[in-house]
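Naming: A, B, ... by sequence-line order, numbering from 1 per chain.
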There are 2 protein chains.
Amino acid sequence: MATRKEVAERAGVSEATVSRVLNNVGPIREETKRRVLEASKALGYYPSALARSFVRRKSGNLGVVLPYVPKVNVFSTYYFAEVLSGIGEAVREYGYDLLLMFRSPQESMDFAGLFKSQKVDACIILGSRDVSEERAALRILQEEGHPYCLINQHFEGESFSEIDAEHKQGSLEAIRHLIALGAKRIAFLNGTLDFSNSVDRLEGYRKALAEAGLPFDPQLMLEGNYSRKSGYAAASRVYAMLDSLDAIFVANDRMAIGLMQGLRELGVQTDDFPAIVGYDDSDAARLTDPPLTSVHVPFYEMGKRAAKRLLAQGTDGSDDEGAPREMLGTRLVVRKSSRLRET
Amino acid sequence: MATRKEVAERAGVSEATVSRVLNNVGPIREETKRRVLEASKALGYYPSALARSFVRRKSGNLGVVLPYVPKVNVFSTYYFAEVLSGIGEAVREYGYDLLLMFRSPQESMDFAGLFKSQKVDACIILGSRDVSEERAALRILQEEGHPYCLINQHFEGESFSEIDAEHKQGSLEAIRHLIALGAKRIAFLNGTLDFSNSVDRLEGYRKALAEAGLPFDPQLMLEGNYSRKSGYAAASRVYAMLDSLDAIFVANDRMAIGLMQGLRELGVQTDDFPAIVGYDDSDAARLTDPPLTSVHVPFYEMGKRAAKRLLAQGTDGSDDEGAPREMLGTRLVVRKSSRLRET
DNA sequence: TTGTAGGCGTTATCAG
DNA sequence: CTGATAACGCCTACAA
């Protein structure tokens, strides 16, 4: 490996000058610049990113924390693929690198440590849940002023940096849609409430019912954990009250898919399905039979925005601030699954 | 931020001793160790990963290169999600970090530069294609002896480090299955041949025909690019020869899904579909109507193996070598889509 | 068992 | 415009 020293010698200049040329800093004579560049290329010199990071005290990495259970995707791969793509785009734009960090769902994570050990310059946290250790860890992050951003999760009562989506509104529209179709009894298969978006959806659901003067019936509430399996498991309960049910709203597509599968295995014909609305508008929503009406969430955009918020800080001098919680819009995509069955 | 010097002072030892304690190296008196640990904790000291990497000349990063087109997934997200999960598992096991690097599909990449600039200690390359610049870049990697590994791509005539799957065998079995069902005229919607697995599939296809004494008919060959869109686009050609077709083998599930969609829009009823076999056995294969018979590929395992091959090198002293090309098995998963229609 | 000191490859400051 | 030179935080012989 060619060293900088060799480059300097070959170009007949000092190492400092080599550095200047390669970093485009300070005034340099054209001729000198040319010679250095030439020598550098001839020798195949590559500056050490390690040394550079060290002296600049910047890793050049944007960290992305995501929950991880081997062979089990708690969320849809769709969600992560979209968010990561969005982040990837921004990262490449700003010349950063993307450091992926998995964490076991239980294991509370020392977010601040990532910064203190200088592994990352900024960090995006996915799949965060509202449990006390998590709150505590995030508070530290906030207090110590590290650049971080949560995606798709809100912590009530804090002012964390968050990019979220209008889940309450999305759910509201989903239920309105069902009601407009004539549904009266609408079940709700939600996820656990430690995800703020589950809470948001519940609010939207209740608001829509209230608007229409429909009663809220706790009997109609089901809980899953966003996995296909949990949707599958819910099928028996739905089956039990099938006759009294007009429709069911499911908090993500995966569960909706599991539910449909489960119902089918219990012998329910497609025509006898209650109207179903899913959530996320993942690729899979187009493939189910019947195609799944679902609430579209701009995950790609959310990832991109989060990354930009973080990386832009480094660029301009603005100490950011501004709305710590930004919310992007959702949108109902109607397909066939939300039709009410004939009576 | 507490510095190591402070820790040393508080513990009443030298910085070197602090270092020793924190790295568990060299003989240390229990009492000293205790004091250092205590001081370190009290002060909230975090060693700088940057400085550490610098002096050790190891980034601690496993790089993963993946092709990238914003908002377009040339491959299925399924493929990447599985491979990444596998890599993630190994990485966490070995205490490495995972550095994601996107590259535009055209842009030929300076793989060796990643090592020379010391951004990564080892590197996995996904979505590589057999084009001359790529070969050249990989040869350099090989010659310079950097630890790298290709996944799901083989370069004939080279001895690159590769983790591949038995695509020839997988295709062979897929076609045998169709033939066993009575299919005589089997079309093949393949991907471009700069992906070695396209070539492998073609070989499997031809071999199966030959075995059965069936002729190879170039008319039955279609080419897509692994996107759903290209499968969709192929529908019209398939439609044109629908009557003379018993079955069609499609090189990945995405295209198969696009194809089914396209046929349907052309007015073909499910019952009139030719028998269809897809490839990858992605989640989506279970969701299509009819469910898609497909060839299962152990992507998760492939990612894990590749990462382990790379990271284990660092651990033991073995300069690896051993079979540079390792191939994992594929397996046909039969579902309803491969039934021949009634005549 | 512990301390001292040199060096890792860059950047940045300060003279010239 | 360019050349010395001092950090940066940590690891690791070598000495004690």
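Rounded to an integer number of Å, the gap from B:Asn23 CG to D:dT12 P is 7 Å. For the pair B:Lys58 NZ and D:dC10 C1', the computed distance is 17 Å after rounding to whole Å. Between the P atom of C:dG3 and the CD atom of B:Glu9 lies a distance of 13 Å, rounded to the nearest Å. Taking atom NZ of residue B:Lys5 and atom C1' of nucleotide C:dG3, one finds them 15 Å apart after rounding to whole Å. Rounded to whole Å, atom P of C:dT4 lies 10 Å from atom CD of B:Glu15. As a whole-Å value, the separation of A:Leu50 CG from C:dC8 P is 15 Å. Here D:dC1 presents its P atom at 16 Å from CZ of A:Arg34, a figure rounded to the nearest Å. One atom, CZ of B:Phe54, and another, C1' of C:dG9, lie 4 Å apart when rounded to the nearest Å.
Within the structure, a side-chain polar atom (N or O) of A:Tyr45 is placed less than 4.0 Å from OP1 or OP2 of C:dT10. Within the 4.0 Å cut-off from OP1 or OP2 of C:dT11, at least one side-chain nitrogen or oxygen of A:Ser19 is found. Between B:Arg56 and the phosphate of D:dC11, there is a side-chain N or O to OP1/OP2 separation shorter than 4.0 Å.
Picking from D:dA4, C:dT2, D:dT2 the nucleotide with the shortest atom distance to the side chain of A:Ile28 gives D:dT2. Set against C:dT10, D:dC10, C:dG3, the side chain of B:Ala16 has C:dG3 as its closest nucleotide. Ranking C:dG3, D:dC1, D:dA4 by closeness to the B:Ser14 side chain, first place goes to C:dG3.
Residue B:Thr17 is the one, among B:Arg57 and B:Thr17, whose nearest nucleotide of DNA chain C lies closer to the 5' end (criterion: closest heavy atom).
Of the possible donor and acceptor atoms, one in the side chain of B:Gln153 sits under 3.5 Å from a partner among the backbone N and O of B:Asp194. Remark: side-chain polar atoms of A:Asp121 are paired, donor with acceptor, to backbone N or O of A:Gly60 under 3.5 angstrom.
Between A:Arg10 and A:Glu6 there is no salt bridge, since no side-chain nitrogen of the basic residue lies less than 4.0 Å from a carboxylate oxygen of the acidic one. Ion pairing between B:Glu134 and B:Arg103 holds under the 4.0 Å rule for side-chain N and carboxylate O.
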A:Arg34 and A:Glu31: salt bridge (charged side-chain N to carboxylate O under 4.0 Å, His left out), yes or no, with the steps? CA-CA 5 Å; A:Arg34 203 186 48 64; A:Glu31 163 63 8; 3.2 Å; yes
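Contacts of A:Arg20 with the nucleic acid, taken as non-hydrogen atoms under 4.0 Å apart, include base atoms.
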